[in-house]
Amino acid sequence: MTKRQAPQQPASPTHPFAIPLVMAAALAVCHGHAMAQAAPDAPRADEKPAAKEPQPAADSSRLETVTVTSNRRLETAQKVSGVVQSVSGDQLRKDGITEVRQLQAAVPGLSIANQEGNVEIFIRGVGSANNTELGDPGAAPHLNGVYIPRPRGLGLMFYDLERVEVNKGPQGTLYGRNALAGTLNIITAQPRLNQFSGYAQGEVSNRSGHGAEAAVNVPIGSDAAIRIAGYQSTKDYGFTNVSTDPVASQLKPAGQENNRALRLSARWEPTEALRFSVVADTGRERGTGYPGANIFSAVTASGLRAEDLDLRHVVYRGAQGDMRNDLWGVLGKVEADLGPVSAEFNASRRSVDFWQRNGQSDGIDWPGRDLSAVNYDNYSTQYWQTLSKSNVYELVLRSNDNQSPLQWTTGLFHFKEKQGVGYLSLADGGCCYWGSEFTMPDVRGKSTAAYLDATYKVAPDWRAIAGFRRTKESKSRYGVGGNLGVVLGGENYDCCYATRWGTEGFQPALLSRPNFDMSKVTTDAQRAQFILQTFLTAGRRDLVGQQLGPVADGSNPNGACIDRPDVNGNGRLSCPRTNPATTNGGFSYLSAWDLPTQQYGTSSAQYNDFRVGVEHDLARDAMVYAKFSTGHKAGGFNDTFATSPIPEVYGPEKLSVLEVGSRNVIELMGRRSVVNLSGFYYDYKNQVFQDLSCIKVNTEVTPNTCNGYSLVNRNIGASRLYGLEGELRMPLPAGFSLDLNAVLLQTKIRNAVVADARAIDYGQGGKAPQISLAGNQLPLASKVSVSARLQQAFALGSGRFDWQALLSYRSSYYLTQYNELDVVTLAGARTSALAAGFPDRQKGFATLNLGVGYTLNRYRIEAFAANVTNEQASTKALVGSSLNVRFLNDARSYGLRVRADF
């Protein structure tokens, strides 16, 4: 592969306003309590909270004030007309959340997967699975408020944190680019003035894990400080290699990690009105990579669904999986108080250097499988390379008079990125088709925007909000893409000789390839040279260099034929000796060369985002709001092939959202508690759906097979989403506290017709039947998502003891757009999705994280456990002909950590 009867649908409400009506009744009850019970010391909506230095964990019996930056200014979360969930770095550590994928346990409605190092973020079922250079994220990741275009290695940012904020719903006005579903903002700890402090911690965990983290804050005079933080973490895979071959059984499974990172932050405030800050970071990931496991054969052979199989028991073979990722970034910021206006300018540069060789497998084990029958001497695999250099510049101006009825924020944003990407898929031992290559040395993206957002107090308790953003962006790329191969004839013109490549020691060229200009590839010698330039070093048992070398250098236009019964039908084929006898040791013929085509792509778009709304204070601590907002995700272009009907360009997606809600601080059991509720309705237009199109059919084998696919993006969909989201934060007696967040979500694809990649017909040139997705649910959209955290802290001896339990539940969801619709061939034959090998419904599941700790003065010891029950859940699926590749959540982890603060 290159890069690249139906289940009954649940009944939907009879009227689209059913949920808002139910919500309105619930709001009335909450508002009545809030008006009667509001405490007098809560901050008003027009008060600007002061930025505070991080403090030790508060008494859990008191309600903690949460500050966020969702409106591009620091304010209390309760004054934000929208849904933003913030989790402090201290709480994440206690919960055992040590990487970005695990964050979804604490944030319902959030789904995060890792495919080949690409972090994919979905919020309320909206996001993007297009993680190649052709696509962009649908939920925008940020670091300290600055956009990150390539979320590879996002987990390396997950240390020495202030907090993590998740804004739900489109943030098109203030955050702009690709904030279609919302934003995920990782905010790191900042230097503190006039304070020498820090911490050091170390941990050991299961899966041979160990790690260390430390930070030191150093004041420089009274107006400057620096903070240095770093971490190192090592842990083994959560998979098991069940191969029985003596060599293959020694392969390390996917998921092994050895990571380290360092961050330097500096802050200088020469006057009260002027502030400079710089954050520089670097990180390194090493390990065995993040490929998924193909369960297609296991399902078709056993008849079992994914939940009845052990997806972590993988039959590895061939090359050892390997991943290397090097990151660095610099962010500089200047903030100035100009009296009635404050100004901020930030400039950021980030670099990604990613390389991965997939640890290839022969699928997973299943009951009754004969593992001794597997061909372990198969080095077919995939190689990935991504180089990215991106710059982000932003100028932000804000009103600075908190007593003015008009509060506004305006800004200019500019982003540019240059990428080089490489992908090589090898078919070791393949006949005629030898692999695929998509390598683009020059991929460029640019986006420029201007925005204005304002809140106006029209009456003492009423405020109008409005915002507008204008965006212009463009993309382009140059490179090569397509299949690699040639038909080689044996004795008596018999077909066809196979080749080998990718064996021990093989090193691909990818972006080091010397030629990307296909106009220079016209003769057989040049074609052979192009294929040989695919790699820097041949594997020890490779054949391709020996077979095509004489063609490339002109010494024998027939190449060099080598009898190898291990790859050529167990001796069925032999090199020409008598017929023909004039090949001089070469093949009887070389024909049907299959080479990549030249890839050019350009796209551009301009669009507007806006929001309008109203906020009303029912009481000091009770606010209701209603707003309408939009968001866009960037468009792009597809791979292009002369014989393919794939459209070249796809446009931006648009999401329009109506949201009404209430944010309240009320008295429950005599204690101030947060009770928030919101309802939302999404209109999703120009929606991009993906499928795999066959770009090459091998007609030399029976049955015919597809020798190459291309991932295709089309603006062919429209969907509707609506739901409710609630939050309860409640201090309890005896040092207890309860945090409860829940999302109820309904999604429905209103129209979309796609090619069913599950039913490609090779007898008709790789065509696939068209299938309607109307009525299906969006992938990764659980109807019910809940996270509940119960914790307690109390004095014990001379110290303080605490414990916490984080329970997360997600109801069932589909992994693909097909929703287990029957597979219907072009000829009309119908098969259930399960029988065809494509079950894609993930059953509902719950995960439990536990933590316990004891703090004595400046010292702390804590134990943690994540995914205690070792729940196995698929977070993404990639399907195509004979493909049902699953990417999983992290397996159970637990350990012990010690920490010293100074």
Side-chain angles (χ1 to χ4, degrees), residues 72 126-128 130 132-142 145-151 167 169-183 343-350 388-398 408-419 440 442-454 466-478 600-612 628-638 647-657 684-688 713-715:
R72 302 301 298 269
V126 179
S128 175
N130 186 354
T132 71
E133 79 283 357
L134 298 175
D136 293 276
H142 288 74
V146 177
Y147 178 66
I148 298 178
R150 300 295 141 196
N167 289 301
Q171 309 292 317
T173 304
L174 287 170
Y175 283 90
R177 192 168 197 270
N178 298 324
L180 181 80
T183 63
E344 174 188 315
F345 176 75
N346 62 67
S348 171
R349 182 166 176 82
R350 297 212 62 83
S388 169
K389 294 286 193 302
S390 63
N391 292 356
V392 175
Y393 307 96
E394 189 165 18
L395 173 64
V396 185
L397 302 177
R398 302 181 182 91
W408 54 267
T409 301
T410 187
L412 298 172
F413 171 90
H414 181 68
F415 159 82
K416 64 178 182 179
E417 180 186 26
K418 184 178 186 301
Q419 293 185 80
M440 313 293 161
D442 190 3
V443 183
R444 297 175 187 266
K446 182 188 297 185
S447 179
T448 302
Y451 58 90
L452 172 64
D453 193 85
F468 178 81
R469 187 183 190 104
R470 174 69 171 174
T471 301
K472 180 179 180 181
E473 57 185 25
S474 62
K475 290 182 181 179
S476 66
R477 76 167 182 178
Y478 165 79
Y600 295 101
T602 60
S603 70
S604 61
Q606 300 182 47
Y607 49 84
N608 302 323
D609 282 309
F610 67 93
R611 71 169 183 166
V612 293
F628 182 84
S629 57
T630 67
H632 281 81
K633 176 191 168 296
F637 42 81
N638 291 300
E648 180 180 354
V649 176
Y650 61 96
E653 299 178 84
K654 182 179 181 180
L655 190 63
S656 301
V657 176
Y684 199 172
K685 293 182 178 178
N686 218 29
Q687 188 176 0
V688 171
N713 302 276
R714 299 182 176 95
N715 296 105

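For clarity, every value in this text was computed on a predicted model and none was experimentally measured.
Side-chain atoms of Leu412 and Tyr393, non-hydrogen and from C-beta on, never get closer than 4.5 Å to each other. Under the 4.5 Å side-chain criterion, counting only non-hydrogen atoms from C-beta, Thr630 is not in contact with Pro170. Under the 4.5 Å side-chain criterion, counting only non-hydrogen atoms from C-beta, Lys654 is not in contact with Tyr607. For the pair His632/Thr471, no side-chain contact is recorded, criterion being any heavy-atom separation below 4.5 Å from C-beta on. Looking at heavy atoms from C-beta onward, Lys446 lies in side-chain contact with His414 at the 4.5 angstrom threshold. The shortest side-chain heavy-atom distance between Glu394 and Phe413 falls under the 4.5 Å cut-off.
A donor-acceptor contact closer than 3.5 angstrom is absent between the side chains of Asp609 and Thr173. Side-chain N/O atoms of Asn178 and Tyr147 include a donor and acceptor closer than 3.5 Å. At a cut-off of 3.5 Å, with distance as the only test, a side-chain donor of Asn167 or Thr183 sits close to an acceptor on the other residue. Residues Tyr451 and Asp453 bring no donor and acceptor atom of their side chains to less than 3.5 Å of each other.
Taking a 6.0 Å sphere around NZ of Lys389, one finds it holds more than 12 heavy atoms contributed by other residues, nucleotides or ligands. Other residues, nucleotides and ligands contribute only 12 or fewer heavy atoms inside 6.0 Å of the NZ atom of Lys685.
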I would like to know whether Arg350 and Val392 meet side chain to side chain contact (heavy atoms under 4.5 Å, CB included); could you show each step before the answer?
CA-CA 9 Å; Arg350 297 212 62 83; Val392 175; over 6 Å; no
Dump the intermediate steps for ring-ring contact (aromatic ring centres under 6.0 Å, His included) on Tyr478 and Tyr600, then the final yes or no.
CA-CA 5 Å; Tyr478 165 79; Tyr600 295 101; 5.6 Å; yes
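Residues Arg477 and Met440 share a closest heavy-atom pair of NH1-CE, 3.5 Å. When all heavy atoms of Ser656 and Phe628 are compared, the pair lying nearest together is CB-CZ, 3.6 Å. Taking every heavy atom of both residues into account, Asn715 and Pro652 meet most closely at ND2-O, 4.2 Å. The two atoms that bring Gly172 and Arg469 nearest to each other are O-CD, 2.9 Å, heavy atoms only. Closest of all the heavy-atom pairs between Val146 and Ser348 is CG1-CB, 3.6 Å. The two residues Pro137 and Pro149 make their nearest non-hydrogen contact at CD-O, 3.8 Å.
Here the straight-line distance linking atom CZ of Arg72 with atom CG of Leu174 works out to 6.5 Å at 0.5 Å rounding. For the atom pair OG (Ser390) and CZ (Arg349), the distance works out to 7.5 Å, reported to the nearest 0.5 Å. Here the OG atom belonging to Ser476 is positioned 6.5 Å from the CG atom belonging to Asp442, to the nearest 0.5 angstrom. The distance from atom CG of Asn608 to atom CZ of Phe468, rounded to the nearest 0.5 Å, is 3.5 Å. A distance of 10.0 Å separates NZ in Lys418 from OG in Ser388, rounded to the nearest 0.5 Å. Interatomic distance, CD of Gln606 versus OG1 of Thr448, reported as 10.5 Å (0.5 Å rounding).
Using modelled atom types, one side-chain atom of Gln171 and one backbone atom of Gly169 make a donor-acceptor pair closer than 3.5 Å.
Under the salt bridge (charged side-chain N to carboxylate O under 4.0 Å, His left out) test applied with Glu417, the options Arg177, Lys475, Arg150 reduce to a single match, Arg150. When each of Leu180, Asn686, Leu655 is checked for a side chain to side chain contact (heavy atoms under 4.5 Å, CB included) with Lys633, only Leu180 meets the rule.
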